[in-house]
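FYI, the numbering just counts along the sequence from 1.
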Amino acid sequence: MPSTGPIPHLETFCKAAELASFTRAAEALGLTQAAVSQHVRSLERELGVPLFHRRAGRVELADAGRTLYDYARRILDLHDEARAALGLDTPGSEGEVRLAASTVPAECLLPELLGRFRAAHPGIRVVAEVCDSESAVEALEQGKATIALVGRPVAAPWAESWPFASDRLTLVVSGRHEWAGRASVSAEELRTRPLAVREPGSGSRRCLEKALEPLGLTLDDLSVLLELGSNPAIRETAARGVVAAFASAQAVAGELASGRLHEVAVEGLGGLDRLLYVAVDRRRALPPPARAFLRFVREQPSPATAP
């Protein structure tokens, strides 16, 4: 069915901006691709500015398009609010959000966060892919995810990211490890004992690499025995007593509280506090369900700033 919004050209424009494709916008709105192109050209003629950059079968918002999108969405949102006040359906209150989340946000924060979001927005379904931070950023860039939750800021010019939670890396050992019961070890001891760390591409690993730099060390200087791709693998490996492991404090909080694992400080090693980030691709407009989720995440209590 054709668009039934208050201003069809604006609704068509917003859908094309959100999907970064005239073809997909046409499918979503029940229009032909020619009709979508016509609506957009009509808006561009009326405003006298290009709204999209057209590149190899896909479209990206131009600066004017990005400005217009903010106003157009407010108009359409007001339309939805009016329908809600009249007891009619509100399309923006339902839909799907595609997330790519690195392991610490996914395992330690998402379950509780999604429970509260679901209570506030029962019509919105969240689909999350769990991976390392690097893969989550790739999914965001490729349009496979509309929002990413990652363990580092996204420095790419096409992205925007904001801190939404904090974490801390810690060195943990089991009660059977030779360091059990010790408050700290030296950097030299750290170099000579087998260690488990997160895999390349993870935010936890990058945090550790940066923390080692002031000591003049890299991971190549340490006796890294295992590189593991998940927090449960790190926890279980350390709990078996074979190696010490650098892990997210949030991910091992239960084991530390129960005494199954013990924290050991490394003398002179700082910089293990870090922030967790929510990121979007600024080239693409967020559809209403994703905007609702982003707003919900960004309204969480501000995290403490990492040193």
Side-chain angles (χ1 to χ4, degrees), residues 101-119 128 130-133 149-152 163-187 189-199 201-209 211-212 219 222-277 297 300-304 306-307:
S102 63
T103 54
V104 171
E107 295 170 9
C108 303
L109 302 174
L110 262 188
E112 191 268 342
L113 191 68
L114 290 182
R116 289 190 288 111
F117 180 76
R118 174 71 175 173
V130 181
C131 50
D132 59 46
S133 289
L149 302 178
V150 291
R152 57 181 173 85
F164 79 99
S166 59
D167 190 26
R168 175 175 58 87
L169 278 188
T170 181
L171 182 66
V172 294
V173 299
S174 77
R176 298 189 299 276
H177 194 277
E178 62 176 301
W179 292 344
R182 291 184 58 178
S184 65
V185 296
S186 68
E189 288 177 291
L190 183 68
R191 293 183 58 180
T192 60
R193 303 302 195 279
L195 293 171
V197 299
R198 286 294 307 276
E199 81 287 4
S202 74
S204 297
R205 184 188 180 101
R206 181 58 185 144
C207 178
L208 177 57
E209 289 171 337
L212 289 170
L219 285 178
L222 306 184
S223 299
V224 177
L225 181 65
L226 295 168
E227 296 180 338
L228 300 170
S230 71
N231 293 309
I234 285 280
R235 286 197 300 264
E236 291 307 309
T237 297
R240 292 176 186 276
V242 179
V243 298
F246 279 99
S248 156
Q250 293 208 49
V252 296
E255 285 73 12
L256 292 174
S258 68
R260 190 172 182 230
L261 290 175
H262 306 270
E263 286 188 88
V264 180
V266 179
E267 296 165 7
L269 182 64
L272 296 178
D273 293 287
R274 63 174 183 147
L275 296 173
L276 305 176
Y277 292 81
V297 171
Q300 303 308 301
S302 298

Donor-acceptor pair, [X] side chain versus [Y] backbone, under 3.5 Å?
X	Y	value
R260	A239	no
T170	A249	no
R193	S223	no
E189	S184	no

Minimum-distance pair of heavy atoms, taken over all atoms of [X] and [Y]:
X	Y	result
Y277	P163	CD2-N, 3.5 Å
C207	G271	SG-O, 3.7 Å
A233	L228	O-CD1, 3.6 Å

From [atom1] ([X]) to [atom2] ([Y]), nearest 0.5 Å:
X	Y	atom1	atom2	value
S248	R274	OG	CZ	6.0 Å
F246	L219	CZ	CG	9.0 Å
R152	R206	CZ	CZ	9.0 Å
L276	C108	CG	SG	9.0 Å
L256	E263	CG	CD	5.0 Å
L171	L272	CG	CG	9.0 Å

query: Are any of the side-chain nitrogens in R198 or E209 under 4.0 Å away from the carboxylate oxygens of its partner?
result: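 No, this pair does not count.
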
query: Which residues pass the side-chain contact (heavy atoms from CB on, under 4.5 Å) test with L225, sequence neighbours left out?
result: P194, V243

- line: Sorted by chain and number, sequence neighbours left out, side-chain contact (heavy atoms from CB on, under 4.5 Å) with A101 holds for A106, L110, L149

- request: Applying ring-ring contact (aromatic ring centres under 6.0 Å, His included), name anything that partners H177, two or more places apart in sequence or on another chain.
  value: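 By the ring-ring contact (aromatic ring centres under 6.0 Å, His included) rule, H177 matches W179.
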
message: Run S102 and D132 through side chain to side chain contact (heavy atoms under 4.5 Å, CB included) and show every step you take.
response: CA-CA 5 Å; S102 63; D132 59 46; 5.6 Å; no

message: Could you walk me through whether V130 and T103 satisfy the side chain to side chain contact (heavy atoms under 4.5 Å, CB included) test, starting with their C-alpha distance in whole Å, then the side-chain angles of each, then the deciding distance to 0.1 Å, before giving a yes or no?
response: CA-CA 6 Å; V130 181; T103 54; 4.1 Å; yes

message: Within a 6.0 Å radius of atom CZ on R182, are there more than 12 heavy atoms belonging to other residues, nucleotides or ligands?
response: yes

- request: Could you check V172 against V264 for side chain to side chain contact (heavy atoms under 4.5 Å, CB included), going step by step and ending with a plain yes or no?
  value: CA-CA 6 Å; V172 294; V264 180; over 6 Å; no

